Amino acid sequence: MYGPVPSANTLKNTEYANRFFVYEVEGLRQNEATDQVESPIRKSGSVFITVPYNRMNQEMQRITRMGGKIKSIKPLNGNNHSDQAGTTAEQGKDKKAAMSETKAKAKAKSDVPVNIYKPKNPLIGKCVGNQELVKEGGIGRVRHLTFDVSDSDLWYLEGQSIGIIPPGENEKGKPHKLRLYSIASTRHGDQGDDNTVSLCVRELVYQHPETNETIYGVCSSYLCNLDEGADVTITGPVGKEMLLPEDPNATIIMMATGTGIAPYRAYLRRMFQEKHEDYKFNGFAWLIFGVPYQQNILYKEDLEKMQQEFPDNFRLTYALSREQKTADGKKMYIQNRVAEQVSEIWELLQKENTHTYICGLKGMEDGIDEALSAEAEKHGANWSDFQKSMKKAGRWHVETY
Ligand code: FAD
């Protein structure tokens, strides 16, 4: 994959991007390690791999995919391939390299990143995308936002959330508190370069119950109106409730209302759009998605394309409450779709590698529980006990807000 380490002369003329780092890696299978790298050095169970700065992230992912663990990362030849050290630009680049190094080390050490950035020491990202997801005729505004986090230690997994601290102060004159948002991108970001994080944000708008004044939510309206190029204050990542199991043959039942689709967008992109060495999804994913109108189906084209391409592995069921009706003429909410298909869902839940996820509006669990209680009873089971056992086994995941 990489050429041999350059000679001193070559190095004299190289830019910073050509700096090299040495990864000490354990647990790599010999063939795979050597297939990709021209000259790894093997010593006491460790492999030493020389990596150019601009490939550090990719190489780290490759190592992780092959089951390797990075023990240490050191600059080759004492971090000084270039003889131009000392300028401000160089120092800036040094910082970036150091961050990449920290990120790589952190990824190697922990399975699930938590609170890399806290409110007292947040990350300043940059908005690089802010697109409307609701089509004309739909209700409200929901935006797909992407932030550049390339100059940072931030990394995250599908199903986690980040915090956003809106600028300004609350009515008590204190800085606004952070609001959590589910991450809508995979760990590799929308561009696949590990440099971005995306969100799916609904603008909160309501009428004040007493004054009837129109109120806009502080953080959601700040985000929905954010200009590309603007800075944004980020904390996190947080959350272990909504992580995707590593088993590529798992059954994943996803129930969402509105922006509850965010983590599932990440799961589905990981399953069907990205290519990975260590995760080739061949299970069954079923998304039951509730929104009011067709025009409110967030990421509709992407979802339908995936369903067409992977009909055996992905089922897509909509519940359009203001357009569709139940058999007895009522509005079609997500719990009605669950009730319609409950015998199949119940059967899937009996499999040990079935995981169920519920994400979106608070209160959506009640109707789902009701439908499953009735079905459990038919099978002589108690839903509440069954659900408890699923929760205990880490197979029942809920994030509602
Ligand atoms: P605020 O200015 O904080 O206003 C909210 C307050 O307004 C409420 O507490 C309530 O007091 C009042 N209010 C709201 N509605 C009404 C009403 N109808 N009548 C009277 N008063 C009312 N949101 C997303 O859009 N996308 C996500 O992916 C997402 N993920 C989340 C993940 C987690 C884990 C959590 C906890 C929340 C998530 N949220 C998400 C919600 C998000 O954190 C914010 O709560 C939301 O954006 C509103 O924040 P705000 O600052 O705009 O509203």
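For clarity, every value in this text was computed on a predicted model and none was experimentally measured. Ligands are counted one by one from 1 in listed order, and the atoms in each one are counted from 1 as well.
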**Prompt:** Honestly, is R270 close enough over Y279, meaning NZ or CZ under 6.0 Å from the six-membered ring centre and within 45° of the axis?
**Reply:** yes
**K392 atom NZ, neighbour heavy-atom count above 12 within 6.0 Å** = no
**Prompt:** For the residue pair S221 and E203, what are the closest heavy atoms and their distance?
**Reply:** CB-OE2, 3.3 Å
**Fill in**
Residue pairs meeting side-chain hydrogen bond (donor to acceptor under 3.5 Å, both in side chains), one or both in residues 253-268, sequence neighbours left out, come to D190-R265, T259-Y401
**Message:** Using the salt bridge (charged side-chain N to carboxylate O under 4.0 Å, His left out) criterion, which residues pair with K378? Sequence neighbours excluded.
**Reply:** E375
**Prompt:** side chain to side chain contact (heavy atoms under 4.5 Å, CB included) with S389: which residues, sequence neighbours excluded?
**Reply:** none
**Asked** What residues come within 4.0 Å of ligand 1, counting heavy atoms only?
**Response** R179, L180, Y181, S182, C200, V201, R202, L204, Y206, G217, V218, C219, S220, T259, E399, Y401
